[in-house]
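Structure first, then comments.
Just so it is clear, the structure is predicted and the values come from calculations on it, not from any experiment.
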Amino acid sequence: MTGSIGHDVTIVDACTRRGRGGSPTAVLIDDGALSDRARCEIVRRAGTSHAAFVDTEAETTPTVRFFTAGGELTNCGHGTIAAQAVLLHRHRAVERHVRQRTGGRTFDITAIHRDNGIEVWFDQGEVQLRDCSAAGLGRILAALGIRSNDVSTDDFPCVASPGTPRLLVPVTTLPTLLSMRPDPGRLAADCRRLGYLGCFVYTLSPAGDAAAARMFAPAIGVGEDVVNANSTGCLAAHLVATNRPSSIEVVQGHNAGRPSSVFATAAATTDGISARVGGMATIRSSTDGAAH
């Protein structure tokens, strides 16, 4: 994708569900010459909520930076999946086991060509969990447009951070989740005040190994994220911490009309609870003229 953007951009649908949907994500091979302002402008012109900028100077351990139109993110799960799908495609490989540098951390990546796209898994690292403030919760719930009795009594809200904190909010039913209409201005202000990236609102299946979710992050300029892969890893860590299943599939993108799936597993280690996150990606338009 070229032209008005002024740079070669590959558009990837990250975290697709059964070959459809996913979060449109821009990926660029970046030599570091661009300014951060220019990167934000590229996101605006690409028309995606996020973009991944990949510096491939170190062949097997590229540095990947993530931007929205409003600025840089410490990390981005679905952006990592999109970037690694592009790198696998560029190398015309069937499978790669590499590492990635993002936000001061280096972690393992597995990318594999499948019949229905490219499967990517990454090690999210330790997820820190803590209780949320009851006073702060009331304001957040009001900004989300849900009542206290909409919150599941079988679970509890908590703050989870794989590097950037976000609030996990369990609600009682799928209709409650899908009918939410947050106030973006109020939610952005309250999230900034409390130091949250955003709010990941979910409802669990009876078995606890599947969920539907929505992610609201107006504080970083993303009113509703089609997919938030890092928050799925956070949810997996929360489930392990509360003695529930260690693997989960989270379906997202309902209200955006883009069905999406993210998978995560978590395990307790001597350093805390660590998670691994994965999803499928489809390259929609490619800089070398190929499309998948």
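Looking at Asp209 and Ser205, their side chains come closer than 4.5 Å, going by heavy atoms from C-beta outward. At least one side-chain heavy atom of Leu167 sits under 4.5 Å from a side-chain heavy atom of Leu137. A 4.5 Å side-chain heavy-atom check between Ile118 and Thr282 finds every atom pair outside the cut-off. Using a 4.5 Å cut-off on side-chain heavy atoms (C-beta onward), Asp30 and Val54 make no contact.
With sequence neighbours left out, the ring-ring contact (aromatic ring centres under 6.0 Å, His included) criterion links Phe216 to no other residue. Evaluation of the side chain to side chain contact (heavy atoms under 4.5 Å, CB included) rule for Thr74 yields Thr164 as partners, not counting sequence neighbours.
Checked for salt-bridge contact, Asp36 and Arg65 meet the test: a charged N lies under 4.0 Å from a carboxylate O. A salt bridge does not link Glu126 with Arg105: none of the charged nitrogens is closer than 4.0 Å to a carboxylate oxygen. Under 4.0 Å is where a charged nitrogen must lie from a carboxylate oxygen, and between Glu41 and Arg45 at least one such pair does.
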Checklist entry - Can Thr80 and Gln100 be said to form a side chain to side chain donor-acceptor pair (under 3.5 Å), step by step? => result CA-CA 9 Å; Thr80 290; Gln100 175 178 310; 3.2 Å; yes
Item to check | Test log, rule salt bridge (Lys or Arg N to Asp or Glu O under 4.0 Å), inputs Glu224 and Arg181 | outcome: CA-CA 10 Å; Glu224 180 169 357; Arg181 297 292 183 270; over 6 Å; no
Next on the checklist: Run Thr110 and His97 through side chain to side chain donor-acceptor pair (under 3.5 Å) and show every step you take.
Outcome noted: CA-CA 5 Å; Thr110 298; His97 298 271; 3.2 Å; yes
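Phe263 and Trp121 have tilted rings, their planes meeting at an angle from 30° to 60° on a 0 to 90° scale.
Residues Gln252 and His254 bring no donor and acceptor atom of their side chains to less than 3.5 Å of each other. For the residue pair Arg258 / Ser260, no side-chain donor-acceptor distance below 3.5 Å is found, with atom types taken as modelled. Side chain to side chain, Ser231 and Arg166 meet the donor-acceptor criterion of an N or O pair below 3.5 Å. Using a 3.5 Å distance cut-off with no hydrogens or angles, the side chains of Arg101 and Thr63 do pair a donor with an acceptor.
In summary, the aromatic rings of His238 and Phe156 are positioned with their centroids under 6.0 Å apart. Phe53 and Phe66 have their aromatic ring centers separated by at least 6.0 angstrom.
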Let me check something: any side-chain donor-acceptor pairs from residues 192-204 under 3.5 Å, sequence neighbours excluded? List them with distances.
residue	atom	partner	partner atom	Å
Arg192	NH2	Ala219	O	3.3
Arg193	NH2	Asp190	OD1	3.2
Tyr202	OH	Asp155	OD2	2.6
Thr203	OG1	Val171	O	3.3

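Among Ile42, Thr10, Asp8, Val43, the single residue meeting the side chain to side chain contact (heavy atoms under 4.5 Å, CB included) criterion with Leu28 is Ile42.
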